[in-house]
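Before any comments, here is the structure.
First the proteins, then the strands, lettered A, B, ... as listed; each starts at 1.
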There are 2 protein chains.
Amino acid sequence: MATKTYPETTPEVDALVAEVIARVADRWTMEVLEALTQGGTMRFTRIGEAIPGVSQKMLTQTLRQMERDGLVIRTVHPVIPPHVDYELTPLGFELSEAFCGVWMWAEKNCKVVAKARARFDGRAR
Amino acid sequence: MATKTYPETTPEVDALVAEVIARVADRWTMEVLEALTQGGTMRFTRIGEAIPGVSQKMLTQTLRQMERDGLVIRTVHPVIPPHVDYELTPLGFELSEAFCGVWMWAEKNCKVVAKARARFDGRAR
DNA sequence: CTGCATCCGAAATGATACTG
DNA sequence: CAGTATCATTTCGGATGCAG
């Protein structure tokens with residue numbers, strides 16, 4: 001954006017980028033990224049506890065997609081009861097760092113946004 | 001994330017941050033951000049042309065939300081046919097810069113992700 | 001404990017038609 | 001040109017039950 005300067009992007013690559021962005025910008029994906037970044041290697045249930053509001057189904061689904069995309073490593077310890085660890089790959093960690101800026105923006109400006117909304121909604125009437 | 005160190009965050013603020021992140025990390029929001037960052041002040045139709053696959057409905061909706069959140073300014077010129085300009089606010093521009101890292105990550109790694117998927121899908125069978 | 005399968009209602013989105 | 005309104009469809013997401 002401000003400093004991005006890519007001379008040549010084919011339509012196919014653009015589409016792929018858009019698709020990856022759409023996937024990665026998913027709400028739960030971002031929260032999992034955050035949880036694993038802060039918590040290191042974590043078990044399934046602990047990740048769920050770290051993310052308020054996520055259902056087991058969405059968590060499973062999100063972790064699977066992230067595994068498929070090469071963002072996390074899933075390690076199954078063949079014991080009873082099951083023990084499954086998740087951790088970020090280097091690729092996932094890079095993404096997490098990339099999102100860092102967005103996170104800080106949100107934490108810094110969430111109240112500014114709240115005020116903008118209040119003003120907008122006030123004008124609307 | 002990697003460098004984030006916020007000592008105190010109340011649950012209410014966390015929820016607000018999560019909400020703002022979820023809103024702002026929307027696929028179309030990011031694409032509009034990208035378009036306006038690169039194109040400066042743009043008209044409705046031109047933004048739509050710059051974003052492959054967006055429907056008129058989603059574009060309208062996204063721009064309204066962004067206006068409400070204080071990310072863009074919408075200027076209506078009262079002429080016939082209508083002429084409406086959109087441009088980023090300073091807040092919107094800041095967000096755009098924050099997203100820069102994610103865009104670069106995606107452009108740099110979209111093929112890596114594609115390969116990871118292929119490998120995963122191969123193992124699946 | 002982890003997580004898959006299924007069902008079902010709710011919400012998001014796309015297509016289309018219409019308007020100032 | 002820049003929307004709004006409506007309808008059809010898809011997708012999302014939660015709840016539940018079951019399995020290894």
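- For B/Glu67, the salt bridge (charged side-chain N to carboxylate O under 4.0 Å, His left out) test picks out no residue, with sequence neighbours left out.
- Partners of A/Ala50 according to the side chain to side chain contact (heavy atoms under 4.5 Å, CB included) rule, which considers only residues two or more places apart in sequence or in another chain, are A/Ala35, A/Met42.
- A ring-ring contact (aromatic ring centres under 6.0 Å, His included) check over residues 35-72 of chain A, counting only residues at least two apart or in different chains, returns nothing.
- Among residues two or more places apart in sequence or in another chain, the side chain to side chain donor-acceptor pair (under 3.5 Å) test is passed with A/Glu94 by B/Lys108.
- In this structure, the CD atom of B/Gln61 is 15 Å from the P atom of C/dA15, given to the nearest Å.
- Listed by first and then second residue, the salt bridge (charged side-chain N to carboxylate O under 4.0 Å, His left out) pairs that reach into residues 35-54 of chain B come to none, sequence neighbours excluded.
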Listing, residues 56-63 of chain A side-chain donor-acceptor contacts under 3.5 Å, not counting sequence neighbours, or none:
from: A/Thr60; atom 1: OG1; to: A/Gln56; atom 2: O; distance (Å): 3.0
from: A/Thr62; atom 1: OG1; to: A/Met58; atom 2: O; distance (Å): 2.7

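- Annotation: side chain to side chain contact (heavy atoms under 4.5 Å, CB included) contacts of A/Val84 (sequence neighbours excluded): A/Arg74, A/Val76, A/Tyr86.
- Side-chain N/O atoms of A/Arg43 include none lying less than 4.0 angstrom from OP1 or OP2 on C/dC1.
- Here A/Arg64 lies in heavy-atom contact (under 4.0 Å) with sugar-phosphate atoms only.
- DNA chain C lies under 4.0 Å from at least one heavy atom of each of the following residues of residues 78-87 of chain B: B/Pro82.
- Taken to the nearest 0.5 Å, the CG atom of A/Leu71 stands 10.0 Å off from the CD atom of A/Gln65.
- Nucleic acid contact class of B/Arg46 (heavy atoms, under 4.0 Å, all strands): none.
- For the segment residues 65-73 of chain B, the set of residues with a heavy atom within less than 4.0 Å of an atom of DNA chain D is empty.
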Each nucleotide N or O in nucleotides 14-17 of chain D that has a protein N or O under 3.5 Å away: list the pair and distance.
from: D/dG14; atom 1: OP2; to: A/Ser55; atom 2: OG; distance (Å): 2.8
from: D/dG14; atom 1: O6; to: A/Lys57; atom 2: NZ; distance (Å): 2.2

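- Applying the ring-ring contact (aromatic ring centres under 6.0 Å, His included) test to residues at least two apart or on different chains, the pairs with a partner in residues 60-80 of chain B are B/His77-B/His83.
- We find that CZ of B/Arg74 is positioned 16 Å from P of D/dC1, with the value rounded to whole Å.
- Here A/Arg27 lies out of heavy-atom contact (under 4.0 Å) with every strand.
- For the side-chain hydrogen bond (donor to acceptor under 3.5 Å, both in side chains) condition, the pairs that include at least one residue of residues 17-26 of chain A, sequence neighbours left out, are A/Glu19-B/Arg117, A/Arg23-A/Asp69, A/Asp26-A/Thr29.
- Expressed to the nearest 0.5 Å, how far CG of B/Leu16 lies from CD of A/Glu107 amounts to 10.5 Å.
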